[in-house]
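For ligands, and for the atoms within them, numbers begin at 1 and follow the listed sequence. Note that the coordinates shown come from a computational prediction; the quantities given were computed from them, not determined experimentally.
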Amino acid sequence: MPLTQPPQPSTVGRFAPSPTGPLHFGSLVAAVGSYCLARRAGGRWLLRMEDLDTPRVVPGAADAILRTLQACGFTWDGEIVWQSRRLEAYQAALERLQEKQLVFPCGCSRQEIVASAPHAGDEGPVYSGTCRSGLPTGKQSRSVRLRVGGSTVCFRDGLFGPVEQDLVTAVGDFVLKRADGIFAYQLAVVVDDLESGVTQVVRGADLLSSTARQIYLYGCFDHAPPHYLHLPLALAPDGQKISKRHGAPSASAQDLQHWVRAAFDFLGQQLPGDLDSAPAEELLGWGSAHFDPGQVPLQAKTPGLAWEAP
Ligand code: GLU
């Protein structure tokens with residue numbers, strides 16, 4: 001189903017940054033794309049701070065991200081969801097899967113998995129199933145994994161079109177609770193999107209390879225998945241994925257306008273000439289009425305930005 005037409009006020013989109021640094025250009029693109037597509041449908045846009053992976057969380061980064069979003073003129077619906085405050089929900093979800101015997105404790109270390117992996121999958125070594133039918137004698141439980149099986153996961157991405165992934169050969173039984181006790185991103189994102197009633201997930205193409213796992217989890221919770229649209233990856237001039245080391249906009253209105261304009265440009269949107277010197281907020285207002293996913297290019301590319309961190 002197309003993500004934009006006709007208007008669907010029941011649409012619920014979201015933006016889910018990880019506070020591992022200030023809002024960088026790649027995240028801004030995801031914010032602009034998800035915001036405009038939700039608003040254009042007449043729907044809601046939620047904000048979630050993915051601060052579960054505490055070793056990677058940078059103090060002050062969440063506040064800096066929120067300040068930048070606010071200064072750009074993004075408005076979100078409802079309360080911000082903080083993943084770090086939802087551990088009980090993730091535990092309850094894990095227990096539901098335990099009751100259905102869909103998860104198992106795993107005692108393998110990373111080294112053992114690498115050593116026993118028959119082949120490399122889409123995301124590193126494929127779990128070979130060592131602890132699938134019970135912890136071998138002498139092994140202590142470290143992580144909790146989801147048992148995967150069944151047929152290939154197929155879905156239609158709003159930009160990339162039909163995508164399929166055979167989880168058994170590409171990933172294997174995957175981790176839902178890590179050896180350090182932290183709930184895995186794959187579990188948290190599905191539990192949160194499901195509980196918040198998210199119907200469309202718009203985010204960077206680096207997460208395209210996680211989508212089959214998430215759709216599989218929706219099935220485990222007896223729920224239909226949302227629609228997905230993955231935006232092209234923003235690359236730094238050296239061809240690497242843009243990250244926080246490539247800088248964030250300063251708080252000046254001019255910088256914010258420049259970055260939001262660059263995000264629209266990156267997403268193939270032709271802003272009208274009379275918005276040439278309009279503030280970021282007005283650009284978002286235009287996008288909420290006119291954003292056209294048909295213009296978004298597929299290719300990862302380097303945006304037209306001044307690369308010195310502003
Ligand atoms: N927190 C993830 C990130 O910042 C995004 C997760 C998602 O949109 O599903 O890359």
Side-chain angles (χ1 to χ4, degrees), residues 3 11-38 44-58 61-66 68-69 74 76 80-86 89-90 93 123 153 155 157-160 163 165 174-176 178 182-218 221 223 225-236 240-246 248 263 267 296 300:
L3 285 174
T11 296
V12 182
R14 51 58 154 191
F15 176 54
S18 302
T20 52
L23 192 80
H24 61 75
F25 186 76
S27 304
L28 180 67
V29 165
V32 168
S34 61
Y35 181 83
C36 292
L37 283 166
R44 289 157 51 78
W45 187 71
L46 314 180
L47 188 57
R48 177 169 73 236
M49 209 40 87
E50 300 213 321
D51 58 347
L52 258 193
D53 193 352
T54 38
R56 292 185 60 231
V57 166
V58 171
D63 284 345
I65 290 172
L66 294 177
T68 306
L69 291 173
F74 286 99
W76 49 90
I80 299 170
V81 170
W82 296 79
Q83 286 193 324
S84 56
R85 300 178 195 166
R86 288 186 38 78
Y90 308 136
E123 309 238 335
V153 177
F155 63 99
D157 182 81
L159 187 63
F160 287 83
V163 179
Q165 190 181 46
F174 57 92
V175 171
L176 298 185
R178 304 176 352 187
I182 294 178
F183 291 101
Y185 157 70
Q186 308 292 355
L187 177 70
V189 75
V190 169
V191 171
D192 289 342
D193 282 343
L194 213 159
E195 284 189 20
S196 322
V198 166
T199 64
Q200 81 177 20
V201 170
V202 177
R203 59 187 179 189
D206 51 330
L207 291 166
L208 194 54
S209 60
S210 285
T211 305
R213 270 171 281 178
Q214 294 170 16
I215 290 174
Y216 188 83
L217 263 172
Y218 270 93
F221 290 120
H223 214 281
H227 297 284
Y228 291 92
L229 188 150
H230 289 84
L231 301 168
L233 263 199
L235 302 178
Q240 298 295 305
K241 185 188 152 192
I242 289 184
S243 65
K244 56 191 173 190
R245 80 196 149 84
H246 295 105
L267 291 169
V296 179

Going by the closest heavy atom to atom 3 (C) of ligand 1, which one wins out of Ser34, Ser18, Pro19?
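Checking each option, the heavy atom nearest atom 3 (C) of ligand 1 is found in Ser18.
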
Does Ser34 reach the main-chain N or O of Ala30 with its side chain, forming a donor-acceptor pair under 3.5 Å?
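Looks like yes, one N/O pair under 3.5 Å.
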
Please confirm whether the backbone N or O of Leu52 pairs with a side-chain atom of Arg56, one donor and one acceptor, at under 3.5 Å?
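No, because the side chain of Arg56 does not come within donor-acceptor range (under 3.5 Å) of the backbone of Leu52.
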
Is there a side-chain contact between Leu159 and Tyr228, using heavy atoms and a 4.5 Å cut-off?
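In short, these two side chains do not touch, never coming nearer than 4.5 Å.
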
Could you tell me if the side chain of Pro225 sits less than 4.5 Å from the side chain of Asp193, heavy atoms only?
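Not in contact.
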
Within the 4.0 Å heavy-atom shell around [X], which atoms of ligand 1 are there?
{"X": "Arg14", "value": "7 (C), 8 (O), 9 (O)"}
{"X": "Glu50", "value": "1 (N), 2 (C), 5 (C), 6 (C)"}
{"X": "Ala16", "value": "1 (N), 2 (C), 3 (C), 4 (O), 5 (C), 6 (C)"}
{"X": "Arg203", "value": "7 (C), 8 (O), 9 (O)"}
{"X": "Val189", "value": "9 (O)"}

Looking only at heavy atoms, is any part of Leu207 under 4.0 Å from ligand 1, and if so is it the side chain, the backbone, or both, or is it neither?
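It is the side chain that touches ligand 1; the backbone stays farther off.
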
Using 30° and 60° as the class boundaries, would you call the ring planes of Phe15 and Trp45 parallel, tilted or perpendicular?
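Answer is parallel, since the angle falls under 30°.
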
Taking all non-hydrogen atoms of both residues, which atom of Val32 and which atom of Ala263 are closest, and how far apart?
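Minimum heavy-atom separation between Val32 and Ala263: CG2-CB, 4.0 Å.
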
Please say whether Tyr185 places an N or O atom under 3.5 Å from an N or O atom belonging to ligand 1.
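Yes, there is a polar N/O contact under 3.5 Å.
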
